[in-house]
Every structure is written in C-alpha cells, then in structure tokens.
Amino acid sequence: MKTNNKTSERGGFGSRIGFILAAAGSAVGLGNIWRFPYLAAKYGGGIFLLVYLIFAITFGFALMLTEIAIGRKTGKSVIGAYKAVDKRFSPLGLLAAVIPALILPYYCVIGGWVLKYMSVFITESGESIPFFSNFISHFTQPTIFFIIFLLLTSVAVFLGVEKGIEKVSEFLMPVLLLLIVAMSVYTLTLDGAGEGLKYYLLPNLNDFTPAKFLQTIAAACGQLFYSMSIAMGIMVTYGSYMRKEDSLEGSVRQIEIFDTAVAILAGMIIVPAVFIFSNGDSTSINAGPGLMFNTLPKVFATMPAGQFIGTAFFILVTLAALTSSISLMETVTAVVIEKFGFSRTKSCIIVIFVTFILGMLSVLGYSAWSDIKLFGMQILDFFDFITNNIMMPVLAFLTCILIGYVVKIKYIEEEVMLGEKRFRSKLLYNVMIKFICPVCMLMILITPFVTDI
Ligand code: PFF
C-alpha cells in the first residue's frame, strides 16, 4: 500500500512533448539569457559560438543522455537512482540532492530581482528603474520579491508532474519562444544593429592569444554545463518520469536544440542593443553579470517603444527562470517524497521552508550582512561558486567514471534501445563518457584556481 502511495506521489509525464518542453524549460534559464550573451561577447564572438556548439553536440549530449537514462532506468529520485546503479556510488545521490537544494534558494533570489524589474517596466518607463546595487542592498523589497518568486515556483510542484510541471511547461515554453523570436527580429531592425550582430556572430581574432583560447574553451565548457542543467540531479529526476517507449537520443537532441537556439537568440537581442546604445564600445558589452540589471534597462529606456520592449524582455526572463526553478524544486521535493515517504504537499512545504531560510542568507548577504565574506565572496556568489565550480564538476566526473568504467556503457545502451532500433551515437557516446567528459570536468574544476574567468 505504502509503495503504491509513493508511486502515485511520484507521477510521470503524460507525453513525449511534455517531457521535452519540461526538460527544455529547465535548461533554458538565466544561464541562456544573462550568461551566454556576455560570455560570447567576451570570448571572441563567433569563436565562442563555434566551440560551444561543438561541445553541445558532443559532450553535452553524452552527459545529458547519461543522466536521463539513469533516471528512466531506475525510476527513482536522485538518492535512490545512484544507489540503484551501484551501491558503492550511493554518496553521489546525496551530492546530487544537495546541489539543487543549495542552488534553488539563490536562484529564487535572482528570480525575485527579475520580477522586480518586470514590475517596474510594467508600471513605469525604464528611466525609473532602480539602480541595481541600491535595490539589492535593501532588505524588504528583495525579500518580498524572493518570496513571490518562490511561491510561484511551488505552484507547479504542488500540482505534480503531469498536472503541474507538464502543463505549465506546455504553456510557458511556446510563449517564451515566440517572445524571444519577436524581440530579436525587432532588435535587428534597429539602426546600427548590423554592426552589433557582426560583433556577436563573427569570430573576433583581435588579441586572441593561445591563453585566451584555452580560457574560451573552459568558459564554453562551463557554460554548457550550466545551461543544460547537467549535474544538478534535475535530468535524472525528469528522466525518471519519462515514458519508456519514447526515444532518448531524439529527446536529448531536441532539448539541446531548444536550449542552444534560445541562448543564441538572446545574444541577438542583447549584444546589438547594447552595441547601438554604447556606440560600439565593447566595454559595455563585456560588463559581465551587471549587463542584464544595469546596462540593459538603460538601453531599453532609450529605445523606441522602450517600456514595451523592457516589459517583454523581463517577462521573458521571468518565464525562463521560473521553469528552471521549478525543475530544481521538483528534484529536491522528489527526494523528500521518496526518502521520508511524505505526501507531495507535505514534502513541498518542507522544501519551501528550507529554501526560504537559505535564500534569506543570500538576501542578507547583500544587505545587513554585506560585510560578511566567505572566501572573499558574497554569500550568493559563494553558493554559486561551490555548486557550479566544485560540486557539479565532481558529480559529473564521478558519474562518467561510474558509467564508463564501473557499470559500463552497456547499462545506458540497454535503456536507449527501449525506444530505438539502434544506439546511433554509441561510438561518440563511448569516447565522450570514458575520455573527453572526465577531462573537461577536471578542466572546469581547475580553471577558476589558475585563471580569472
Ligand atoms: N539551466 C538553467 C539555466 O541556464 O539557468 C538552470 C540553472 C543553471 C540553474 C545553473 C542553476 C544553475 F546553477
């Protein structure tokens, strides 16, 4: 009886397209819209794009396929899944549960900032947008918007996989795609956009030293990892809800195409817009993380129909961030349901509570506790750093070892064959999991300690 209960608490996706849109919803997030364009601009435009694309179809494909296959084969949340693959690798399941539990709080804090910007654009023009560092240094507003974003996220998770996550993704993802296509078309019609587009798409070989090339490779590798929601337990969890008869290889390719297309289109909006605004001064495009919250609102304020465009842009970012935070919350909730046998509602409430407490640390880290530095970082940056630069590469590295050398590729192949006549990318997959992915993971682990990316 208890097992039945648990199974019904788990649920599953009702259709292939539902799964693809939900997984794409997880992958398409702040990483695509805020991080990808500034990295591309910083690392030589077309060169970065090319390196990124090669990585996406090779090692990104292999890692995503691995996680989804592990999830579907075991039919469990991350903790149970890694244990079911090999008992000795059980600690990996714990790591895969801790990672989203640490990311979700600060992701919702940033989601709150985006909500705030959206609400300002809806009600006023971009000129009155708050100065970013001033806004986040307060306590009340960032807290309120953080709570709203957290509650919005939890609605889909409360409703369950098919009725919540799948339905929300089936509605939000096409809206997101329409918005981003319409906005990039609009930006490209502005005077001077062509120059910005060239800067973004053509390889920029000026001062491109071998050292910079290595940095570009590491940055593209890291971005891929971040963008595809790899090594945070999400794809294992979503995979566990996937129908057995659906094609794994085909689904992974479609998720990747969706994710990469959105990232490239986001750059087509942001880079030309900032380029026109700054009269071609590349330093404003290279502004890094501040680009979305400082530079862009000012750019929108000077554009024709700026308030409308600004509103559309921040709605777009909100939708992207929301479907990603839903996937993070679902991963943690699935663990609580399975581990403690609680109902979905009770598990969700526990997750919201813990997320709220941890998220408040990040809010306070910019306001009352701004003097506190962890290894020289703000609290939010610290959470971001230990998850993205340390825990995730470690998890991905050990997952490659587990699949490549312990249970062997056959383990994944059997699962792929359930929905396919043959494993088309077997050779590529083999080489990636055994050799290339582990090396890339080690590179991501080492790079922040030896260079300044
Ligand atoms: N893949 C999503 C994004 O690109 O924003 C979600 C995500 C990435 C969440 C990285 C958290 C994270 F650290």
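As a basis for the values below, the full set of heavy atoms in this structure was taken, side chains included, without hydrogen atoms, waters or symmetry mates. The residues of the chain are indexed from 1 along the displayed sequence. In each ligand, atom 1 is the first atom listed, and ligand 1 is the first ligand listed.
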J.: Looking at Leu30, which atoms of ligand 1 are within less than 4.0 Å of one of its heavy atoms?
T.: 3 (C), 5 (O)

J.: Which residue and atom name correspond to the protein heavy atom nearest atom 7 (C) of ligand 1, and how close is it?
T.: Tyr107 CE1, 3.8 Å

J.: Is the closest heavy-atom distance from Thr387 to ligand 1 below 4.0 Å?
T.: no

J.: Starting from atom 8 (C) of ligand 1, which protein heavy atom do you reach first, and at what distance in Å?
T.: Tyr226 O, 3.2 Å

J.: How about Tyr429 and Phe423: are their ring centres within less than 6.0 Å of each other?
T.: yes

J.: Of all the atoms in ligand 1, which lie at a distance below 4.0 Å from a heavy atom belonging to Ser324?
T.: 2 (C), 6 (C)

J.: Quick one: does Ala27 get an N or O within less than 3.5 Å of an N or O on ligand 1?
T.: yes

J.: Touching ligand 1 at all, Ser26? Heavy atoms, strictly under 4.0 Å?
T.: yes

J.: Any carboxylate oxygen within less than 4.0 angstrom of a Lys/Arg side-chain nitrogen, looking at Glu67 and Arg72?
T.: no

J.: Under 6.0 Å between ring centres: does that hold for Trp113 and Phe145?
T.: no

J.: Using a strict 4.0 Å cut-off to heavy atoms of Gly31, name the atoms of ligand 1 that fall inside it.
T.: 3 (C), 4 (O), 5 (O)

J.: Taking only heavy atoms of Ser227, which atoms of ligand 1 are found under 4.0 Å from at least one of them?
T.: 1 (N), 4 (O)

J.: Is the ring pair Phe383/Tyr106 parallel, tilted or perpendicular, if the boundaries are 30 and 60 degrees?
T.: parallel

J.: What protein heavy atom lies closest to atom 11 (C) of ligand 1? Include the residue and the distance to one decimal.
T.: Ile103 CG2, 3.2 Å

J.: For ligand 1 and Val28, I'd like to know whether there is a polar contact (N/O to N/O, distance under 3.5 Å).
T.: no

J.: Can you confirm whether more than 12 heavy atoms, excluding those of Lys167, are under 6.0 Å from its NZ atom?
T.: yes

J.: Any cation-pi pair here, Lys73 with Tyr411, using under 6.0 Å and within 45°?
T.: yes

J.: If you have a sec, work out which protein heavy atom is nearest atom 13 (F) of ligand 1 and how many Å separate them, to one decimal?
T.: Asn388 ND2, 3.1 Å

J.: Ring centroids only, cut at 6.0 angstrom: are Phe121 and Phe314 within range, meaning strictly under it?
T.: yes

J.: Cation-pi between Arg35 and Tyr226: NZ/CZ under 6.0 Å from ring centre and within 45° of the ring axis?
T.: yes

J.: When you measure from atom 12 (C) of ligand 1 to every protein heavy atom, which one gives the shortest distance, and what is it?
T.: Met232 CE, 3.7 Å

J.: Kindly check if the number of other-residue, nucleotide or ligand heavy atoms within 6.0 Å of NZ (Lys244) is above 12?
T.: yes

J.: Is the distance between the ring centroids of Phe13 and Tyr238 under 6.0 Å?
T.: yes

J.: With heavy atoms of Ser229 as the reference, note each atom of ligand 1 found under 4.0 Å away.
T.: 1 (N), 2 (C), 6 (C)

J.: Quick one: does Tyr106 get within less than 4.0 Å of ligand 1, heavy atoms only?
T.: yes

